Structures are given as C-alpha cells and as structure tokens.
Amino acid sequence: MIDNNCLFCKIIKGEIPSAKVYEDGEMLVFKDIQPKAKVHLLAIPKDHFKLLSDADGARVGVLGRMLEKIPEIAAENGCENGYRLIINQGEAAGQTVFHLHMHILGGQELDW
Ligand code: AMP
Ligand code: ZN
C-alpha cells in the first residue's frame with residue numbers, strides 16, 4: 001500500500017528525489033538527508049506501514065528479507081567493519097517519519 005501523503009512513499013514513487021543505493025521489488029535503501037554518522041542509510045519496505053508494532057504476518061516476512069539483504073548493502077556502502085541498525089518506534093523514541101524504516105549507521109567507530 002502507498003500513502004500519498006507520506007514522505008517516504010513519495011520517495012518510493014520518485015516524486016521526491018533521494019540518493020538510492022539499493023532497490024528491489026519490496027524494499028528501498030537510500031542515504032539519510034541529515035546523516036548522523038559517516039554512513040547513514042535508511043532501509044524501507046515499499047509497503048507503507050507506520051510503526052514497527054504494526055508489523056505482523058507478511059510485513060514481518062518483508063522485514064526478515066530486508067535483514068537478510070542489509071549486510072551486503074551495508075558492506076557495499078562503507079560499513080564492511082560493522083554497522084548499527086536502529087528502528088525508532090513512536091514519537092517518544094524520536095520517530096519523525098511514520099513509514100517504517102531502519103537506520104543503518106556506520107563507516108566509523110560508533111562510540112556511543
Ligand atoms: P526517524 O527520526 O527515525 O523517523 O528518522 C527519519 C529520518 O529521515 C531522519 O534521520 C531524517 O534525517 C530522514 N529524512 C527526512 N527527510 C528525508 C529525505 N527527504 N531524504 C532522506 N532522508 C530524510
Ligand atoms: Zn509511506
């Protein structure tokens with residue numbers, strides 16, 4: 001499903017530009033516009049849902065396949081020595097874009 005008012009759905013549709021590093025039928029990975037580490041990528045499912053807590057059934061399947069693919073994508077983008085994956089669940093955790101996304105942070109020592 002696509003939400004026409006959602007920023008990341010607009011990125012999926014190409015209505016808003018992004019620096020894509022990987023795309024397949026069910027996921028997209030692009031560079032975060034305000035990187036918080038030397039490498040900061042966002043991995044999103046193409047199927048719009050807001051929160052990690054909305055993930056059930058088929059959505060968990062997609063998230064699993066994303067987790068299978070991310071090591072390769074991370075390694076190809078400067079995180080061959082490791083990276084951190086973050087999902088912010090809800091406003092209290094700092095979520096600002098309500099289309100489920102995984103932050104991939106690396107390319108440097110993460111001493112925090
Ligand atoms: P969160 O705070 O977990 O919801 O993360 C949202 C992330 O999206 C932030 O790290 C933002 O810098 C990033 N972001 C917002 N707008 C864009 C955009 N147009 N292109 C790429 N990243 C974006
Ligand atoms: Zn969306």
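Note that the structure is predicted; figures quoted are calculated from it, not measured. Note: hydrogens, waters and symmetry copies are ignored here, and every other heavy atom, side chains too, is used. Whatever order the structure lists ligands and atoms in, that order sets their numbers, starting from 1.
Of the protein's non-hydrogen atoms, the one nearest atom 13 (C) of ligand 1 is Asp32 OD2, 3.3 Å. Atom 2 (O) of ligand 1 has its closest protein heavy atom at Gly94 O, 2.7 Å. Closest to atom 4 (O) of ligand 1 among all protein heavy atoms lies Thr96 N, 2.7 Å. The protein heavy atom nearest to atom 1 (P) of ligand 1 is His101 NE2, 3.1 Å.
Under 4.0 angstrom from ligand 1, the non-hydrogen atoms of Leu7 all belong to its side chain. Contacts of Phe98 with ligand 1, taken as heavy-atom pairs under 4.0 Å, are absent altogether.
Looking at Leu105, Ile33, Asn88, Ile87, it is Ile33 that brings a heavy atom closest to atom 20 (N) of ligand 1.
Side-chain contact between Glu91 and Phe98 is present, with at least one heavy-atom pair separated by less than 4.5 Å. In this structure, Leu42 and Val29 have side chains that are not in contact, with every pair of non-hydrogen atoms separated by 4.5 Å or more. The side-chain heavy atoms of Glu68 and Arg65, taken from C-beta on, include a pair separated by under 4.5 Å. A heavy-atom distance below 4.5 Å is found between the side chains of Met27 and Tyr22.
Close approach of ligand 1 to Gln34 is summarised as follows: ligand atoms under 4.0 Å from at least one heavy atom of the residue are 12 (O). Remark: ligand 1 atoms within the under-4.0 Å shell around heavy atoms of Phe8 are 8 (O). Listed by number with element, the atoms of ligand 1 under 4.0 Å from a non-hydrogen atom of Lys36 are 10 (O). Remark: ligand 1 atoms within the under-4.0 Å shell around heavy atoms of Lys31 are 21 (C).
In this structure a side-chain-to-backbone donor-acceptor pair under 3.5 Å is present from Gln108 to Lys38. With hydrogens and angles ignored, the 3.5 Å screen pairs a side-chain donor or acceptor of Arg59 with a backbone N or O of Asp54.
In terms of N/O distances under 3.5 Å, ligand 1 is not approached by Gln95. The distance criterion of under 3.5 Å between nitrogen or oxygen atoms is met by Val97 with respect to ligand 1. The distance criterion of under 3.5 Å between nitrogen or oxygen atoms is met by His103 with respect to ligand 1. Ligand 1 has no N or O atom lying under 3.5 Å from any N or O atom of Leu42, backbone or side chain.
Residue Lys31 qualifies as open at atom NZ: its count of foreign heavy atoms under 6.0 Å is 12 or below. Applying the 6.0 Å contact sphere to CD of Glu15 captures more than 12 heavy atoms from other residues, nucleotides or ligands.
Ser53 pairs by the side chain to side chain donor-acceptor pair (under 3.5 Å) definition with Gln89, not counting sequence neighbours.
The angle Cys9:SG - the Zn ion (ligand 2) - His48:ND1 amounts to 110°, with values rounded to 10 degrees. Rounded to 10°, the angle formed at the Zn ion (ligand 2) by Cys6 SG and His99 ND1 is 110°.
In the model, Lys13 has a side-chain atom that pairs as donor or acceptor with a side-chain atom of Asn4 under 3.5 Å.
Tested against His99 for a side chain to side chain contact (heavy atoms under 4.5 Å, CB included), the candidates His48, Lys10, Lys46 yield a single pass: His48.
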